[in-house]
Amino acid sequence: MKVISVVGARPQFVKLAPIHRAMKAAGVDHVIVHTGQHYDPMLSDVFFEDLGIGDPDVHLGVGSGSHGVQTGSMLAALDAVFDEHRPDWVLVYGDTNSTVAAALSAVKMHIPVAHLEAGLRSFNRRMPEEHNRVLTDHAADVLLAPTEVAMGHLTHEGLEDRSVMVGDVMTDVLFEMRDKVGAEPSRLVAELGLEPGEYYVATIHRAENTDDPERLASVVDALSALDRPAVLLAHPRVVAKAAEHGIDLQRGTLLTHAPLAYPDLINAVMSSAGVVTDSGGLQKEAFLLRIPCTTVRTETEWVETVQLGWNVLANSAAEIADAVRRPMPATTFEAPYGDGNAAERVVEVLSAGSLR
Ligand code: UD1
């Protein structure tokens with residue numbers, strides 16, 4: 001069996017790691033195509049190195065641009081790659097512009113498409129990710145759902161026949177990294193002279209929080225007035241937008257630091273008092289590490305983290321300040337994101353062929 005994985009953005013590299021390993025173990029001819037959506041070494045290369053993926057087989061070098069320009073450049077480049085390799089499957093990941101571009105190119109070439117992390121919904125049609133995931137789910141031939149909630153959305157949209165619950169591959173890679181580096185002291189703590197357990201890890205990168213200067217200023221104000229230091233691991237997008245609008249990212253309780261490699265991020269979160277984020281992946285990682293999370297969004301796709309008490313949605317400065325100070329959530333042994341063996345299930349499903 002030959003499978004092409006198309007990835008382009010940081011969270012996709014994390015999901016790729018356990019998939020690549022499981023594909024190799026099963027003797028699958030696995031071709032990795034990097035669209036180039038993320039190109040900064042700290043958003044891209046370090047993940048391939050630290051997670052033992054090796055170099056991508058094909059790099060499209062698409063880079064940044066408006067949605068249309070970026071997605072269109074990927075589409076234009078992918079046709080030739082799929083034509084050359086003629087895989088049994090194209091595997092797409094999550095909800096980025098790289099996801100929808102690869103799905104669209106492959107279905108039009110009559111190459112079966114499998115969508116990993118299918119069925120997530122925010123029901124917020126202002127998010128580019130919501131369009132990417134809905135369009136990809138409806139285009140794909142096999143929908144690999146991470147949770148029961150995701151399966152429910154797919155069933156509701158009439159996609160049940162094409163859907164299969166495999167669990168969440170992020171659990172696979174997170175548990176492995178936790179066991180590998182969890183006992184080591186955090187390098188971020190040492191570098192910034194922080195007190196373990198007495199700081200927050202923050203990330204903000206979503207368009208809805210960064211693109212409107214008033215919104216960005218209010219989130220930054222909130223992070224600079226907390227009860228403990230908040231280390232913003234700043235995505236280049238937030239740095240660029242803050243500079244453009246004269247918003248200071250280094251004041252009060254707010255400290256700004258470059259994005260971290262995956263092992264350092266996991267370590268930094270494990271030693272923290274909590275996470276403040278608008279990232280989907282980090283909400284789940286915090287839950288899996290049982291670190292309280294505050295999500296700076298009006299809704300989340302990962303509803304289980306909220307239902308189980310480990311995640312709180314907060315938007316105003318007062319809501320964020322209250323949420324980070326809340327008491328430790330009640331212990332839970334629920335495992336809505338699977339058992340850490342999702343990648344093997346993905347390979348089994350693809351090896352068995354179409355569900356239809
Ligand atoms: C993308 C995904 C988002 C995902 C996130 C993970 C889409 C629509 N969005 O958002 O779903 O959660 O990746 O991080 O696909 N930039 C750099 N260097 C880079 C990459 C980006 O400086 O290596 C800057 C550029 O100014 C660029 C901006 O960040 O214009 C946004 O990058 P882009 O890839 O469009 O979206 P993300 O915000 O990273």
Side-chain angles (χ1 to χ4, degrees), residues 6-17 33-48 51 56 59-75 78 92-105 115-118 120-122 124-137 170 201-213 215-216 219 232-245 247 249 256 258-262 265 275 277-285 295-297 299-302:
V6 181
V7 290
R10 179 170 54 177
Q12 295 168 329
F13 311 142
V14 176
K15 293 165 202 163
L16 173 66
V33 177
H34 188 323
T35 63
Q37 178 169 351
H38 284 178
Y39 44 87
D40 282 355
M42 285 308 290
L43 293 189
S44 177
D45 304 13
V46 292
F47 289 84
F48 284 83
L51 297 172
H59 200 297
L60 305 180
V62 161
S64 301
S66 67
H67 288 285
V69 166
Q70 188 178 55
T71 312
S73 311
M74 292 173 193
L75 273 170
L78 282 167
V92 300
Y93 299 65
D95 56 16
T96 72
N97 290 344
S98 299
T99 315
V100 73
L104 188 54
S105 172
H115 182 202
L116 185 77
E117 209 174 85
L120 293 187
R121 297 291 180 266
S122 68
N124 178 350
R125 287 176 54 80
R126 302 237 354 126
M127 288 179 71
E129 291 86 357
E130 185 72 357
H131 299 292
N132 289 342
R133 55 174 89 96
V134 170
L135 292 168
T136 302
D137 280 342
M170 264 196 152
V201 169
T203 78
I204 296 293
H205 75 279
R206 297 264 177 206
E208 61 265 34
N209 281 328
T210 56
D211 287 9
D212 170 16
R215 175 72 195 142
L216 180 58
V219 173
L232 177 66
L233 303 172
H235 184 293
R237 180 188 195 115
V238 83
V239 174
K241 293 285 176 188
E244 188 182 329
H245 301 296
I247 296 169
L249 293 179
T256 293
L260 294 179
Y262 190 66
L265 173 75
V275 163
T277 191
D278 61 6
S279 149
L282 197 46
Q283 292 173 52
K284 245 181 326 171
E285 283 156 354
T295 294
V296 186
R297 284 182 51 194
E299 69 285 305
T300 178
E301 300 79 24
W302 303 107

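Counting convention: from 1, in listed order, for ligands and their atoms alike.
Applying the 4.0 Å criterion to heavy atoms of Ala9 picks out, from ligand 1, the atoms 13 (O). In summary, the atoms of ligand 1 found under 4.0 Å from a heavy atom of Pro236, numbered by their order in the structure, are 16 (N), 17 (C), 18 (N), 22 (O). Interface of Gln70 with ligand 1, defined as ligand atoms under 4.0 Å from a residue heavy atom, comprises 34 (O), 35 (O). The atoms of ligand 1 that sit less than 4.0 Å from any heavy atom of His67 are 8 (C). Counting atoms of ligand 1 from 1 in the listed order, those under 4.0 Å from a heavy atom of Asp95 are 11 (O).
Counting only distance, with no hydrogens or angles, the side chain of Gln37 and the backbone of Ser64 share no donor-acceptor pair below 3.5 Å. When atom types are taken as modelled, the side chain of Asp278 and the backbone of Arg206 share a donor-acceptor pair closer than 3.5 angstrom. With hydrogens and angles disregarded, a donor-acceptor distance shorter than 3.5 Å links the side chain of Ser73 to the backbone of Val69. Between the side chain of His115 and the main chain of Gly94, a donor-acceptor pair closer than 3.5 Å is present.
Looking at ligand 1, you'll find an N or O of Asp40 within less than 3.5 Å of one of its N or O atoms. Residue-to-ligand polar distances keep Thr96 apart from ligand 1: every N/O pair is separated by 3.5 Å or more. The shortest N/O to N/O separation between His235 and ligand 1 falls below 3.5 Å.
Using a 4.5 Å heavy-atom cutoff, the side chains of His235 and Thr203 are not in contact. Between Asp95 and Leu120, every side-chain heavy-atom pair lies at or beyond the 4.5 Å cut-off.
Looking only at protein heavy atoms, the nearest one to atom 17 (C) of ligand 1 is Tyr39 OH, 3.3 Å. From the protein, the heavy atom lying nearest to atom 14 (O) of ligand 1 is His38 CE1, 3.1 Å. Closest to atom 8 (C) of ligand 1, if we only count protein heavy atoms, is Asn97 OD1, 3.4 Å.
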Can you check salt bridge (charged side-chain N to carboxylate O under 4.0 Å, His left out) on Arg126 and Glu208, steps first, answer last? CA-CA 8 Å; Arg126 302 237 354 126; Glu208 61 265 34; over 6 Å; no

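Note on ring orientation: taking the six-membered ring where Trp is involved, the planes of Phe13 and His38 are perpendicular (angle over 60°, cut-offs 30° and 60°).
In this structure, the separation between NE2 on His205 and CZ on Arg10 is 7.0 Å, given to the nearest 0.5 Å.
The nearest non-hydrogen atom to atom 31 (C) of ligand 1, considering only Gln37, Arg237, His205, comes from Arg237. When the heavy atoms of Gly281, Gly63, Gly280, Ser64 are ranked by distance to atom 30 (O) of ligand 1, first place goes to Ser64.
Contacts between Leu43 and ligand 1 below 4.0 angstrom, taking non-hydrogen atoms only, involve the side chain exclusively. The part of Pro11 lying near ligand 1 is the side chain, judged by heavy-atom distances below 4.0 Å. With a heavy-atom cut-off of 4.0 Å, Glu129 touches ligand 1 through its side chain alone.
Checking Thr99 against Gln12 by side-chain atom types alone, a donor-acceptor pair falls below 3.5 Å.
Distance check for atom 26 (O) of ligand 1: every protein heavy atom is found at 4.0 Å or beyond.
Screening Thr35, Val14, Thr96, Leu16 for a side-chain contact (heavy atoms from CB on, under 4.5 Å) with Val7, the sole residue that qualifies is Leu16.
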